[in-house]
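Report on one structure; see the data block that follows.
Letters A, B, ... are given to chains in the order of the sequence lines, protein chains preceding strands, and every chain is numbered from 1.
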Number of protein chains: 2
Amino acid sequence: MAPTTQQPAEPAAPTRGKGRPRSAAADLAILEATRQALAELGWGGLTMGDVATRAGVAKTTLYRRWPSKNELVVDAMAILFDQLEVADMGSLQADVEAVVAQFADLLSRPETQAALLALFAEGSRDPQLRRRIQEQIVEPQKVLVQQGRANAQARGEMVPDEDEHAACEEIDIIFDTIAGTVEHRLLVSGRPVTQEWIHRFATLLLNAFPGTTC
Amino acid sequence: MAPTTQQPAEPAAPTRGKGRPRSAAADLAILEATRQALAELGWGGLTMGDVATRAGVAKTTLYRRWPSKNELVVDAMAILFDQLEVADMGSLQADVEAVVAQFADLLSRPETQAALLALFAEGSRDPQLRRRIQEQIVEPQKVLVQQGRANAQARGEMVPDEDEHAACEEIDIIFDTIAGTVEHRLLVSGRPVTQEWIHRFATLLLNAFPGTTC
DNA sequence: GCAGATACGCTACGACCAGTAGCGAAAGAG
DNA sequence: CTCTTTCGCTACTGGTCGTAGCGTATCTGC
C-alpha cells in the first residue's frame, strides 16, 4: 500500500514559481505540530491557533494551504496508511496475525482513529470524497488479502483458485471481515487488540474459510 | 433488544407530576429533527438552534431535557438500535441470518449511515461521548448475541457454556465480528448486503465457531 | 543588482454556535 | 381556583473558525 499518498499533501493553491516560494519546512512543521497537538489534546482541544503556535507559524499560513481544520488533520494522518505490508512469515496463520497486528497498531492511536472516522463520516455525505476514499484507501488494502492468499497457495497451504469470480468475492468477504472486526473492536467497542486476541481471531478466521489444506 | 431503553430517553430533570407535564410530542419531534439534521449536515453542521427550529420548539426546551448536544444525539441514535430483536427462527443459522438482515437493513439507509458515522467520529474525539456511546448503543447490542446463544443451547444446537469468562470473551469476539463486518461492508466498502451475502457470511461464521453440535 | 511577484507574520475583526439567565404566559394537577 | 412546572422568547457570555488588510521578508527573472 505504499504508493497511496497523492501529491505533496497541499491541495490549496499551488505555487506557480514566480515570487517567494512556500516554505517546505513550514509544511512539515505544521503537519508534525498537528499530529502532536492532536495526540495531546484530542480533536476537541486542538485549535488552529495552537497548531500555528507550535509550528512557529502564523495562523493565516495554515489557511493559505489547507481550506479547513478537517483537511489539515486528514492530510496529517493519511501518510500513516501507506505503511501496511504483508510479509511472508512462513505460514498463513502467521501472515494473517502479522497483518492484523500492523493494522491494529495503526488504528490504536487515538489521532489515527479520530482522523479516519472523520474522513469516513465526511465521505458518507460527499459521494466524490467517498469514491476517493475507496480508491485510495479501501481498494489498496484488498491487495494485502490477495497477496496473502497468493503466498499461501505458493506454500501449498491453500488450493489454487479455480473460479476467478468466486475467488474475488471471497477476497471481498475476507477483507470486510478482517478490517471490519478490527475496526469495530478498536473504534466502536473501544477494547484493545492484544496479541492473544489476534491469535484467537486468526484461528477462527482460518476455521471459517475452507480451501486451506492444513 | 426491545427492553434496552432506559427511561423515556430524557435523562434530564424528571418530571415529578405536579405542574404542567412535559410534552411527549416535543420529545419525538426533537429526536427526529436531530436525526434528520445530523444526516444532512454532519456533526459539525448540526446546531442546537437548527434542531429546535426543525422541531418547532425553543432552544431552551432542548436544554431542559438534554444537558448537551452530545447527549441529545446519542439518545436520538440509540432509539434506532433498540428495534433490533433476535427471534427464534428454529435454527442458529436462521437466527443469525435474521438478525444480520435487520442490522444491515438499519445501516443501509443513507441517513442512518451519515448520522451514525458522524456520531462515531465525534466519539473518537471526545472520551465522554465515547463512553456514552458504548453504554447506550454498543453494550446493549451484545444482548442479541447472548440471547442467540441461549436459544441455540436450549435447542441443543450448542453445548452449554462451561467457563463463564471464556463465554463472555467469545460473545465479545462474535459481536465485533458480526457488527464490524456488516458495518465495514456497508459504511466503508460501500457494497450492498444481499440475502445471498448474508447466507454466505452466516455459514462461514458458524464454521468458525466450534461448540455447535450440528 | 533591481523590479515584480508572492509568501509571511501580525493584528484585528466578523460570523457562528454552545450553553445560560430571566421573563411573562400557558397548561396541567390537585 | 391555585399552585406548580413547562414553554417560548430575547438577550447574553465565551470561545473558535476563518478572513481582511497591512507592512515586511524572500525568491525569480531580467
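Residues B:Gln153 and B:Asp161 bring a donor and an acceptor atom of their side chains to less than 3.5 Å of each other.
Of the candidate nucleotides D:dT19, C:dT20, C:dA7, C:dA7 has the atom nearest to the side chain of A:Arg65. With C:dG28, D:dG18, C:dG22 as the choices, the nucleotide that has an atom nearest any side-chain atom of B:Pro21 turns out to be C:dG28. Of all nucleotides listed (D:dC17, C:dG19, D:dT4), C:dG19 comes nearest to the side chain of B:Ser68. Closest approach to the B:Met48 side chain among C:dA18, C:dT11, D:dC17 is made by C:dA18 (side chain taken as heavy atoms from C-beta onward). Of the candidate nucleotides C:dT6, D:dT4, C:dG9, C:dT6 has the atom nearest to the side chain of A:Arg20.
For the OP1/OP2 pair of D:dT6 and a distance below 4.0 Å, the side-chain nitrogens and oxygens of B:Arg22 include at least one atom meeting the criterion. At C:dG9, one or more side-chain N or O atoms of A:Thr61 fall inside 4.0 Å of OP1 or OP2 (strictly under the cut-off).
Side-chain atoms of A:Ser23 and base atoms of C:dC8 include no donor and acceptor less than 3.5 Å apart. The base of C:dG19 sits within donor-acceptor range of the side chain of B:Lys59, with an N or O pair under 3.5 Å.
Within a 6.0 Å radius of CZ in A:Arg200, more than 12 heavy atoms belonging to other residues, nucleotides or ligands are found.
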side-chain hydrogen bond (donor to acceptor under 3.5 Å, both in side chains), that's the test. Do B:Asp126 and B:Asn70 meet it? Break it down for me. CA-CA 9 Å; B:Asp126 177 350; B:Asn70 281 357; 2.9 Å; yes

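Residue-to-nucleotide proximity on DNA chain D shows that, of A:Lys69 and B:Val57, the 5′-proximal contact is made by B:Val57.
For A:Arg35, the salt bridge (charged side-chain N to carboxylate O under 4.0 Å, His left out) partners at least two apart in sequence or on another chain are A:Glu32.
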